[in-house]
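Worksheet: the structure to be examined is printed underneath.
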Protein chains: 2
Amino acid sequence: MTTKNATIKDVAREANVSVASVSRVLNGLGGVTPETQKIVREVAARLNYIPDNAARSLITGRTHTIGAVLPDLYGEFFSELIRGIDLAARARGLHLLVSSSHDGVADAAAAVRAMRGRVDGMLILSEYVDAAFLEQNLPEKLPAVLLDSPVKNTRYPVLNIDNRAGAIAMVRHLVEAGHQRVAFITGPKTNFDAQQREKGYRAAMAKYAPDAPLVIVDGDFTEESGYRAARELLARKPRPQAVFAANDMMAIGCLYAFKEAGIDVPGDIALAGFDDILIARYVTPPLSTVHVSIADLGRLALERLAALLNPTDKTPASVETLGCDIVIRESCGRKAGVTVAPTKPRRVSRPSPT
Amino acid sequence: MTTKNATIKDVAREANVSVASVSRVLNGLGGVTPETQKIVREVAARLNYIPDNAARSLITGRTHTIGAVLPDLYGEFFSELIRGIDLAARARGLHLLVSSSHDGVADAAAAVRAMRGRVDGMLILSEYVDAAFLEQNLPEKLPAVLLDSPVKNTRYPVLNIDNRAGAIAMVRHLVEAGHQRVAFITGPKTNFDAQQREKGYRAAMAKYAPDAPLVIVDGDFTEESGYRAARELLARKPRPQAVFAANDMMAIGCLYAFKEAGIDVPGDIALAGFDDILIARYVTPPLSTVHVSIADLGRLALERLAALLNPTDKTPASVETLGCDIVIRESCGRKAGVTVAPTKPRRVSRPSPT
DNA sequence: GTGAAAGCGCTAACAT
DNA sequence: ATGTTAGCGCTTTCAC
């Protein structure tokens with residue numbers, strides 16, 4: 001227990017070799033006799049030598065760390081996203097530096113800039129980030145992958161969720177199940193996902209139920225806004241036959257509003273959400289929804305980034321899209337049966353590409 | 001767009017000052033004329049200069065980053081924990097490096113050692129970590145806080161959840177509500193939380209229902225194991241009057257088993273879980289459970305660590321405990337009413353310290 | 001107020 | 001096979 005950690009010099013001195021040899025041994029570069037290796041390893045172990053990554057990074061220019069810039073760490077979406085990223089990262093020996101909760105462009109910029117010298121590449125999911133932002137704040141030559149972003153034509157790959165196709169598939173299912181008057185509850189106006197989902201609803205209605213009125217009520221992704229929207233919808237004449245909420249929490253809010261009003265789901269009205277959060281399976285009746293494999297999104301993003309980290313990689317930047325599956329449970333009128341224990345969501349159909 | 005990022009030297013040259021002055025200006029150390037400051041800032045902005053943290057860390061010995069070593073990133077527990085840590089960290093200008101999913105001591109050791117030079121301190125939650133492990137793998141003088149750990153008497157502070165008190169409070173409530181025969185479903189045998197919860201159950205039964213038999217069935221924290229345990233419990237004679245599962249997912253498994261068997265909850269049997277996961281409020285009937293403020297645990301851990309980072313801090317290492325609250329919902333017999341929309345969990349009582 | 005210079009701990013030429 | 005040495009980009013004495 002001395003006061004300072006052992007450095008490579010200490011190891012070299014104690015082992016009577018040069019620092020270069022210590023470095024070679026510990027990095028497995030070869031060109032060292034087995035005896036020297038043995039001595040070095042022994043001394044390193046005895047001194048409990050742990051290389052300093054800051055020094056190593058400074059000279060190699062590599063940190064083996066990737067940065068994830070996210071707007072928030074709240075909820076299932078982000079925990080799943082981080083999990084997917086983390087899994088893929090550690091499979092590649094990469095560490096994960098997370099940065100979240102940015103309340104504005106300046107905040108996001110600071111976060112991105114603070115990553116300089118800490119990471120080899122970045123995964124960015126932020127409404128504040130566009131091409132100009134990246135130009136301004138991203139260190140030169142630092143690879144980055146954008147998630148869930150409207151940005152295109154930059155030198156950075158973008159990975160999106162196919163919200164539009166997911167919404168179309170769900171509306172189509174609802175209409176084909178006999179519900180012409182499908183109402184929609186929107187998400188926050190500035191949210192990219194929410195916008196795409198609404199577009200999907202509109203497109204699908206135009207195609208599959210061209211004669212039905214478009215009924216759109218505002219929501220903000222909270223359970224409470226769903227509850228309010230449901231009450232508003234119940235007052236409409238004629239009452240919608242189905243309600244499609246832009247996310248599951250709002251759908252759950254609807255569920256409680258309907259229950260309170262004595263409206264049976266799916267008997268009196270069909271209900272569907274979007275996201276397939278864990279809760280969706282556990283409410284009564286279980287909620288039909290659009291499943292997005294968020295962990296896969298994270299994994300794919302990291303894999304894309306890892307490819308970029310390899311300097312020989314010449315994959316051009318592109319906008320890729322991750323498909324969604326609709327999951328039909330009882331809330332939209334699937335034949336109700338005994339709710340049984342542990343079941344996996346059933347993937348009913350795969351939305352066609354748009 | 002040249003090929004390389006600007007360094008402090010580039011800024012110095014362009015501004016016709018020394019690197020020392022640039023450093024002083026950009027770090028706000030004063031001792032520089034306003035004119036010089038202005039020039040330096042302008043040039044730095046023009047060259048889009050972003051300081052390299054690796055170099056800075058190397059010389060200052062500070063990274064302004066803390067490392068979180070966790071066993072897994074799956075589920076609400078860890079997402080809440082990370083959220084709490086992250087919130088507290090960014091409030092202090094600290095970055096967060098996460099490392100997870102370690103399948104063994106060696107893996108955990110590698111994770112901890114890999115943090116050297118990357119972090120100023122660590123938050124560790126791992127069943128593999130004990131005093132010897134820390135001695136072996138933690139760089140000298142690197143502050144660390146242990147979470148949810150049986151370790152004591154080390155030079156590291158420990159922060160635990162008061163699982164035992166939480167379990168006692170719940171059993172007490174169940175007994176006082178008229179259920180003498182309270183059965184318990186355990187968690188994984190090696191899990192520290194699970195052990196403490198079982199101890200609490202045993203202690204509470206001895207105290208509040210000394211004449212009732214101890215009925216304990218094995219589970220492993222999964223919904224499926226809860227389902228199986230419930231079926232086993234239904235076969236017992238006499239049938240338990242209440243079931244207390246060591247976590248919510250198992251309680252939910254029970255719920256489905258009971259529903260399937262036509263057993264009414266709470267009419268025929270009372271049910272309670274532990275954790276207060278989000279789902280608990282949404283199942284039918286809503287699940288009574290023991291609430292743990294995981295985000296607070298993360299926040300407190302980080303605050304403790306932040307205090308340690310300050311070299312003047314002389315707070316002695318100690319074992320601190322975070323209390324739990326029981327949340328009584330309908331599953332254990334609260335007067336059933338109309339299930340209304342958005343409600344916050346009601347904290348019914350605070351368990352007495354053990 | 002400003003600059004020159006000495007490293008922080010490590011890797012990677014380049015010698016030997 | 002091994003050692004010497006020059007930095008990586010920055011902060012921080014210590015002179016001036």
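First the proteins, then the strands, lettered A, B, ... as listed; each starts at 1.
Between the P atom of D:dC10 and the CZ atom of A:Arg118 lies a distance of 13 Å, rounded to the nearest Å. Here the P atom of nucleotide C:dG3 and the CZ atom of B:Arg13 are 15 Å apart, to the nearest Å.
Residue A:Asn16 is in sugar-phosphate contact alone, with no base atom involved, counting any heavy-atom pair closer than 4.0 Å across all strands shown. The residue A:Thr36 sits close only to the backbone: its heavy atoms come under 4.0 Å of sugar-phosphate atoms, none of a base.
Side-chain contact of B:Thr65 with B:Arg118: a donor-acceptor pair under 3.5 Å is absent, judged by distance alone. With 3.5 Å as the limit, one finds no donor-acceptor pair spanning the side chains of B:Thr321 and B:Asn160. In the model, A:Asn27 has a side-chain atom that pairs as donor or acceptor with a side-chain atom of A:Arg56 under 3.5 Å. Side-chain contact, A:Arg90 with B:Ser100: no donor N or O sits under 3.5 Å from an acceptor N or O.
Shown here for A:Leu97 and B:Leu96, the closest heavy-atom pair between the two residues is CD1-O, 3.2 Å.
In terms of phosphate contacts, A:Thr33 brings a side-chain nitrogen or oxygen within less than 4.0 Å of OP1 or OP2 of D:dT2. Close to C:dT2, at under 4.0 Å from its OP1 or OP2, lies no side-chain N or O of B:Ser21.
With respect to A:Lys38 and A:Glu35, no salt bridge is recorded, no charged nitrogen being found less than 4.0 Å from a carboxylate O.
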Footprint string (nucleotides 7-16 of chain C, 5' to 3'): B base within contact, S backbone only, - free, heavy atoms under 4.0 Å: BBBSBB----
